[in-house]
Amino acid sequence: MPVSVPKGTTILEAAKQAGVLIPHYCYHPGLPIAGVCRMCLVEVEKQPKLQISCATTVAEGQVVNVFSDQAKKARQGVLEFLLINHPLDCPICDQAGECELQDYVFQEGQARTRYADYAKRFNPVEDFGPDILYVPNRCILCTRCVRFMEHAAHDDVLNVSERGDRAVIGIHPDKKLDHTWAGNVVDLCPVGSLLSKDFLHRARAWELDKTASVCPGCSQGCNVNLDTRNNVVVRLRPRANLEVNRYFMCDYGRGQYRWMNHGDRIEAPLLGGKDLTAVDWDHALDRAVQLVKGISGPAVTLVSPGASNEALYLARQVLGNARLQAAFRVHREAGEWSLAGVPDLALRAERAPNVAGALALGYREEFEAAIQTAADAGLLLVLDDALDGVAPEALQTPNIIYLGTRLPEIARRARVVLPIANVAEEDGTFVNRDRRVQRYFQAKAAPGMARPAWWVLGEILRGLGRGDTLSSAEEAFDLLAQSEPAFGGLSYAGLGVRGAVLGSRQPAGQPA
Amino acid sequence: MGFPHKPHPKETVVLSQYFGDADARSYAGWVQRGGYEALKKSLAMTPVAVQDIVKASGLRGRGGAGFPTGLKWSFMPKERTRTHYLCCNADESEPGTFKDREIMRWTPHALIEGCAIAQHAIQAEICYIYIRGEFTEPLRIMEKAIAEAYQNGVLGANAMGSGKRIDQFIHRGAGAYICGEETALMNSIEGKRGNPRIRPPFPAAAGVFGLPTTINNVETLAAVPHIINRGADWYKSLYLSNPKSTGTKLISVSGHVQRPGNYEITMGFPLKDLIYDLCGGVKPGRTLKACIPGGSSVPILNKEESESCILDYEGTVAKGTMLGSGGAIVFDDTTDMVYQVMRLAKFYAHESCAQCTQCREGTAWTVRILQRILAGEGTIQDLDLLLDLADQMTGKTICVLSDSCAAPVVTGIKKFRGEFEAYIKGARKPVMATV
Ligand SMILES: Cc1cc2nc3c(=O)[nH]c(=O)nc-3n(C[C@H](O)[C@H](O)[C@H](O)COP(=O)(O)O)c2cc1C
Ligand code: SF4
Ligand code: SF4
Ligand code: FES
């Protein structure tokens, strides 16, 4: 099958484009080429020896035979060699189901080994770092982990120790595998040799549903998958996006799944008075609409930079007719933790996913000033800011509409509390620090009666006679894109799964 | 030979002329014997002119692969826009090979001179001489000779008054056979694990520290001064069989011969004469059984093949083996070939750098099967399995260490199958090789 690719493309990548996945272990597009596993051998016309497709570049008119008897036999040989010392403990291995050794053996391997009853190599499990275990018996020495730490993390903690079949991955005697980006070695490991302690024995790979999302940990906006089982997010894993995070994400981001499952959520709309009483959506929305209609004096909105663009846009629309101070605050750490070998990739100081979106939509980072204004304001609309650190006295005057996932004590002063979905429970978009608008998808159901903030705000607008019910984030986004110049030319569908940069008028030209 | 015995009349003494002559080790002694004349001559020539002489001489690499030396040099960039390096491969770890050691022990200045000429020819200011870690005596002698060469202005910023800088540094290995493989050697010099590199890039484009590099064996480089002094035509005329294999070759003979040692022969010399005349044959009452002519990595020859093998690049290939590094291991009829093959495989299993799957797992698996056969627990299918593994280990890996392990296994089984079967059928009990 003919395929045409740029000069310098490897046979393996060219074959991928032609829809042929040549089995491989050491090759990973995010790492320097090692050419060591010898799994990707293919037959190249006019070459006496089989060539490794991961390191051999294509030539004009070259004929490559991936499935010739010779090539298949060589790959079967590699699989047999890899298996002679592999424990076959798949039933208790976390990698089972997403293991490249299982996959290729199933695809191309032989049914039986010819390795008689010799003892397999045995080395005890090692504790490599705060979240990483090394199971040497399963290791196929592809060196992906070593190359990641050396070339991407620039932290030479791992090496290949020993020679011959005694070889194992070694760790620096005085160091731990505790780099902020170390968790990537677990994803990179093609087998179950490097394991996350956090995820250890927590789920079987085939029980997991994967949902494309964006990490809410910081303003980098790494593309991730939310892995869920039974409506619970069990882990975050990087999803490739060459423009943002390549194939990686940091360990702080990986930990973000925890709060997504917290049980301390607001599950029903609440009306204020002496006590908060749970009501249905119609009542609660009604009250909210009345409050907005009755605004006297300035209005303030305090939003979370973790809210979607859709919600941020609609919140401003709701208060559009009032004199409005629109503000947010963001938690900042002192410093960034970069992945040194990859340009423009770091755990950013700004620990929220949508700071750039808030700014683009007219919010200012002036939380304190806004609180002062709120003291004399007519209405305060809060969008998922926990109001921690705000003195209760400061919020005596205004009528408060509180849209939130959780109910902090101070929010009990609200006239109406509206439960909203978190990032795992709705569709929406964020803008990362490089002004890339990226979609995230709903991975699980929201608790109780909680609804996406864009729906809630859309309903208030409808009550105000300024819109119709929004049935999807797409509708909300497309409204936003029509009226916000910064988002001009973008459409929700056009964002795809890799996003588009604000002002670029077109989605980035990456193959999906 | 020169040491410990006088040269045999059938030897062609060029490189080994001063073996055993301790006075030749010093700078003064070397100059008295005509040393450094060739370097002076070379420095007066253009680099390309030196390359051309070596090309015309027909000199081929003595480290194993037999690649034409002048041609290799011509792969280096013509314009020197970046640092060029020469690496002298003195890692000599191939079982059965011990010729480079003698060159360094007795004629260190010959090597220094050869390196310097090569450096001029490829415009490399810097040469690393990578000496096998276990070679303590050659190391001391080389260190002393290099110090003397600096003192006498042969090396340094103004080498022999030419205005050119020629530096030579010794890098000591740490006991890994694989570091003799040229790209592993470069990694080792860089302070990295001695893993062979995938090619391309080739060393002449990106070698040590990513810069253009040429690697040559000690014996190759030591031959260069003679070629410069006596001319390409003289060297080219040194052959007995095939004009594509010219010059002299040191053959290290070990094993079951009366007089083991290093013998310098003209290319094309019969292996039979080497064994029976030069080395005095096997012990009385024994007969020749087999010979590995080119160091442990090459296929084994049986008696008939050995007795009709011509020692040059083409002659050995005609017998299905290779000249390799020129380490001839001779086995007489007391040898247990199964044990010998296991012992060789064990060496490669131990020394595999562990990068390539076939080599890392295949060498070790091969040893296990052979040990099982030796313990009387093998099956007849094991022989087919060994051959199949050998096939998987050949031509599929980064370097040829894997192939080198397979070669003696394949030829051992093909040529001495009866001995393997005897173990398998229980007709033979484990015995140690008699020395
Ligand atoms: C596993 C392995 C070990 C080797 N060891 C040596 C060695 O000890 N000395 C040597 O000169 N060449 C050795 N070689 C060959 C070198 O890679 C290289 O071909 C040689 O140094 C080139 O020099 P030449 O062209 O002068 O022969 C080895 C090759 C392999 C694959
Ligand atoms: S631990 Fe995993 S990634 Fe690292 S070398 Fe072993 S198999 Fe490869
Ligand atoms: S063939 Fe063996 S020694 Fe050579 S690079 Fe591969 S693993 Fe290392
Ligand atoms: S994937 Fe090509 S050699 Fe490992």
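Chain identifiers are assigned alphabetically (A, B, ...) following the order of the sequence lines, protein sequences preceding nucleic acid strands; residue numbering begins at 1 within each chain.
Counting heavy-atom pairs closer than 4.5 Å to chain B, the top residue among A:Gln76, A:Glu80, A:Met39 is A:Glu80. Interface check for chain A: of the options B:Pro200, B:Cys356, B:Ala364, the most heavy-atom pairs under 4.5 Å are formed by B:Cys356. Counting heavy-atom pairs closer than 4.5 Å to chain B, the top-ranked of the candidates A:Asn85, A:Ile84, A:Val78, A:Ile52 is A:Ile84. Of the listed residues (A:Leu50, A:Thr56, A:Leu41), the greatest number of heavy-atom pairs within a distance under 4.5 Å of chain B belongs to A:Leu41. Options A:Gly35, A:Cys142, A:Pro48 differ in how many heavy-atom pairs under 4.5 Å they form with chain B, and the most are formed by A:Gly35.
Contacts between B:Glu351 and chain A at a heavy-atom distance below 4.5 Å involve backbone atoms as well as side-chain atoms. For a residue to count as touching a neighbouring chain, one of its non-hydrogen atoms must lie under 4.5 Å from one of that chain's; by this rule B:Arg372 touches chain A with the side chain only. Both the backbone and the side chain of B:Arg368 come within contact range of chain A, judged by heavy atoms closer than 4.5 Å. In this structure, the portion of B:Asp391 lying under 4.5 Å from any heavy atom of chain A is its side chain and not its backbone. Contact annotation for A:Gln51: neither backbone nor side-chain heavy atoms come within less than 4.5 Å of a heavy atom of chain B. For a residue to count as touching a neighbouring chain, one of its non-hydrogen atoms must lie under 4.5 Å from one of that chain's; by this rule A:Tyr115 touches chain B with backbone and side chain alike. Looking at A:Leu82, the atoms closer than 4.5 Å to chain B (heavy atoms on both sides) sit in the backbone and in the side chain alike. For B:Ile369, the parts lying near chain A are the backbone and the side chain together; criterion is any non-hydrogen pair under 4.5 Å. Both the backbone and the side chain of B:Ile398 come within contact range of chain A, each with at least one heavy atom under 4.5 Å from a heavy atom of that chain. For a residue to count as touching a neighbouring chain, one of its non-hydrogen atoms must lie under 4.5 Å from one of that chain's; by this rule A:Ala55 touches chain B with the side chain only.
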- prompt: Taking it one step at a time, do B:Asp336 and B:Tyr423 satisfy side-chain hydrogen bond (donor to acceptor under 3.5 Å, both in side chains)?
  reply: CA-CA 11 Å; B:Asp336 182 333; B:Tyr423 272 111; 2.3 Å; yes
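Checked for salt-bridge contact, B:Asp388 and A:Lys73 meet the test: a charged N lies under 4.0 Å from a carboxylate O. Using a 4.0 Å cut-off between charged nitrogen and carboxylate oxygen, B:Glu361 and A:Arg38 do not count as a salt-bridge pair.
Residue B:Thr183 comes nearest to B:Pro203 through the heavy atom pair CG2-CG, 4.5 Å, listed as atom of the first residue, atom of the second, then distance.
A heavy-atom distance below 4.5 Å is found between the side chains of B:Glu421 and B:Ile380. The closest side-chain heavy-atom distance from A:Val36 to A:Thr143 is below 4.5 Å.
With hydrogens and angles ignored, the 3.5 Å screen pairs no side-chain donor or acceptor of B:Thr321 with any backbone N or O of B:Lys319. The main-chain N or O of A:Ile11 is never found under 3.5 Å from a side-chain atom of A:Ser53 such that the two would form a donor-acceptor pair.
Taking the ring centre of A:Tyr104 as origin, the terminal cationic atom of A:Arg75 falls outside the region bounded by 6.0 Å and 45° from the ring axis.
Partner of B:Asn187 under the side chain to side chain donor-acceptor pair (under 3.5 Å) criterion, out of B:Lys192, B:Arg193, B:Arg197: B:Arg197 alone.
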